[in-house]
Amino acid sequence: MNNKMVIKKDNQLIRKAISKFSYKQNQLMCALLGKYVHTKDNYCIDTTVSIDEFRQIMDLKSDGANNYKRIKDAVEKFAESSSVGIYTEENGKPKWIWRPYFSEITLDETSVNFKWNPAMEEDLVCLKNKYTSYLANDYLKLNSLYSQNLYEQMKSYENLPKIPQITFTVSDLHRIMQTEQVKNYKDFNKFKTKCIVPAINDINEKTDIFVEVEVIKDIKDKRKAIGLAFTIRPKNEYLNYLGCWLSGEEIRDIIYSYHAKNKILELGKIKKEFKQYYTLLRQGNKSDYEIILNFIDQDKIKAAAHQAEEPGRPEIVPSWLDDYKSDL
């Protein structure tokens with residue numbers, strides 16, 4: 001599959017639909033949508049996948065006697081899952097419509113053939129302007145079903161005016177992550193730690209967007225979380241983030257690789273209150289990202305020197321802002 005292929009879906013198919021695909025089934029759908037649906041002629045065509053290609057996508061072992069049965073079982077499970085519940089409204093009243101992606105799936109000794117359901121063309125081909133698109137390459141890098149589902153949700157809201165912040169209730173997130181029946185995840189902290197946070201880290205590391213999350217507490221009971229607010233930033237655009245001019249990729253590196261969000265805050269304060277020092281820091285036309293990396297390096301040097309002078313004393317990471325203030 002050409003991983004530069006762009007996957008497109010109607011926004012509402014992502015935001016309002018119910019899907020029961022597994023992680024590997026999602027990868028198969030990504031391959032089918034990217035390689036076969038969005039052609040130059042912009043219509044769905046019947047899709048034939050060789051047995052070898054199907055086995056590779058679904059990560060099925062080949063061991064001779066059981067090979068065909070394993071493939072048959074995988075095709076059968078995919079066929080059982082390959083329908084989607086789509087939420088609509090009719091005369092102001094809620095309405096759900098369940099549609100199969102395929103009108104027929106056939107398996108023979110050499111291939112699997114997928115005959116697309118014409119009723120799905122409106123959601124997969126006739127997209128008009130309200131659609132979500134992403135690179136198959138980004139999607140296929142994701143490590144879990146949770147990452148896949150959350151990534152599609154984030155991409156569907158990415159192009160809202162300004163920097164979008166999207167709020168989901170806890171029940172919304174369980175629906176998106178397909179964890180409604182997982183007993184351990186009834187505890188919000190476990191759900192967030194085991195499901196949400198790894199998915200966000202996966203998305204931030206491997207895709208074209210950077211996502212931050214903030215827990216929303218119940219007004220009456222501050223100990224209770226009622227939802228999460230997600231902020232979505234494209235990595236390929238520079239943004240005014242906490243007073244610094246950074247790309248989404250640079251923000252991710254500073255926060256997740258260096259654990260130094262405080263350095264972004266520090267530089268933002270310098271830019272606002274100590275402009276003469278910011279001018280000096282920019283000598284050589286350094287970017288805000290380069291300045292922050294220099295902050296991190298200098299703090300490491302100072303901390304190492306401190307440890308050498310007083311072995312055994314807890315490490316203290318000094319603030320460059322203290323140095324600036326002492327020179328004023």
Side-chain angles (χ1 to χ4, degrees), residues 11 14-16 132 134 138 142-180 182 184-269 271-272 288-289 292 295-296:
N11 285 341
I14 293 174
R15 297 174 189 173
K16 299 294 185 180
T132 298
Y134 54 83
D138 286 340
L142 296 170
N143 284 334
S144 73
L145 177 66
Y146 307 142
S147 307
Q148 291 172 335
N149 291 354
L150 186 60
Y151 176 64
E152 279 199 332
Q153 289 290 328
M154 298 297 103
K155 289 294 288 184
S156 77
Y157 291 102
E158 179 188 18
N159 293 322
L160 292 178
K162 300 181 181 179
I163 298 172
Q165 186 179 68
I166 307 303
T167 300
F168 294 109
T169 66
V170 173
S171 59
D172 286 337
L173 290 165
H174 279 299
R175 176 184 61 80
I176 291 166
M177 301 300 203
Q178 298 177 215
T179 54
E180 297 100 322
V182 181
N184 285 343
Y185 291 164
K186 299 298 181 184
D187 180 288
F188 175 77
N189 288 329
K190 288 183 180 178
F191 178 47
K192 181 172 177 283
T193 302
K194 299 291 186 180
C195 183
I196 302 294
V197 171
I200 291 172
N201 290 342
D202 201 20
I203 290 167
N204 287 344
E205 180 181 350
K206 296 169 183 170
T207 73
D208 58 337
I209 58 174
F210 175 80
V211 179
E212 287 185 291
V213 66
E214 179 183 352
V215 177
I216 301 171
K217 299 290 187 178
D218 190 324
I219 296 176
K220 295 180 180 179
D221 183 358
K222 295 296 183 181
R223 297 170 298 176
K224 182 180 178 182
I226 59 172
L228 293 175
F230 295 85
T231 302
I232 309 158
R233 305 174 191 275
K235 286 183 181 176
N236 62 349
E237 293 182 13
Y238 278 80
L239 308 155
N240 187 334
Y241 181 74
L242 302 177
C244 297
W245 196 244
L246 300 165
S247 72
E249 183 70 32
E250 290 168 350
I251 296 168
R252 184 199 69 82
D253 281 346
I254 293 166
I255 293 176
Y256 288 94
S257 298
Y258 298 104
H259 306 289
K261 186 174 181 178
N262 62 311
K263 295 303 169 190
I264 303 176
L265 291 164
E266 207 163 284
L267 181 58
K269 187 169 184 178
K271 290 174 72 174
K272 183 178 179 181
D288 284 356
Y289 179 64
I292 291 169
F295 281 10
I296 295 168

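This chain uses plain numbering: 1 for the first residue, then up along the sequence.
For the pair Asp218 and Lys220, the salt-bridge criterion is not met [side-chain N within less than 4.0 Å of a carboxylate O]. No salt bridge links Glu266 with Lys269; every basic N to acidic carboxylate O contact stays at or beyond 4.0 Å. Ion pair Asp288/Lys271 flagged as a salt bridge, since at least one NZ, NE, NH1 or NH2 atom sits closer than 4.0 Å to an Asp/Glu carboxylate oxygen. Using a 4.0 Å cut-off between charged nitrogen and carboxylate oxygen, Glu158 and Lys155 count as a salt-bridge pair.
Atom CD1 of Ile14 sits about 6.5 Å away from atom CG of Asn11, to the nearest 0.5 Å. Atom OG1 in Thr207 sits 9.5 Å away from atom CZ in Arg252 (nearest 0.5 Å). Note that CG of Leu228 and CD1 of Ile216 are 7.0 Å apart. Values are rounded to the nearest 0.5 Å. If you take CG on Leu150 and CD on Glu152, they are separated by 10.5 Å, rounding to the nearest 0.5 Å. We find the OG1-CZ distance between Thr167 and Phe230 to be 9.0 Å, quoted to the nearest 0.5 Å. The distance from atom CD1 of Ile166 to atom OG of Ser156, rounded to the nearest 0.5 Å, is 7.5 Å.
Residues Val170 and Ile226 form no side-chain contact, since every pair of their non-hydrogen atoms from C-beta on lies 4.5 Å or further apart. Two residues are said to be in side-chain contact when any heavy atoms from C-beta on lie closer than 4.5 Å; Tyr151 and Lys206 fail this criterion. When side chains are defined from C-beta on, Glu250 does not count as touching Trp245, because their heavy atoms never get closer than 4.5 Å.
Of all non-hydrogen atoms in Lys194 and Pro198, the two that sit nearest each other are O-CG, 3.5 Å. When every heavy atom of Asn262 is checked against every heavy atom of His259, the shortest pair comes out as OD1-O, 4.3 Å. When all heavy atoms of Val215 and Ala225 are compared, the closest pair comes out as CG1-CB, 3.7 Å. Scanning both residues, Lys186 and Glu180, for their nearest heavy atoms gives NZ-O, 2.8 Å. Shown here for Arg15 and Gln153, the closest heavy-atom pair between the two residues is CA-NE2, 3.8 Å. What you find for Ser144 and Asp202 is that their closest heavy atoms are N-OD2, 4.0 Å.
Cation-pi geometry between Arg175 and Phe168 is not met at under 6.0 angstrom from the ring centre and within 45 degrees of the axis.
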Margin query: Would Tyr134 and Ile209 count as a side chain to side chain contact (heavy atoms under 4.5 Å, CB included) here? Give the steps.
Written below: CA-CA 10 Å; Tyr134 54 83; Ile209 58 174; over 6 Å; no
Next item on the list: Take Met177 and Ile196 through the side chain to side chain contact (heavy atoms under 4.5 Å, CB included) test and state the conclusion after the steps.
Entry: CA-CA 9 Å; Met177 301 300 203; Ile196 302 294; 3.5 Å; yes
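The environment of Lys224 atom NZ is sparse: at most 12 non-hydrogen atoms of other residues, nucleotides or ligands sit within 6.0 angstrom.
Each of Ile232, Thr132, Asn149 was scored for a side-chain contact (heavy atoms from CB on, under 4.5 Å) with Met154, with one residue passing: Ile232.
Classification of the Tyr185-Phe191 ring pair by plane angle, with boundaries at 30° and 60°, yields tilted.
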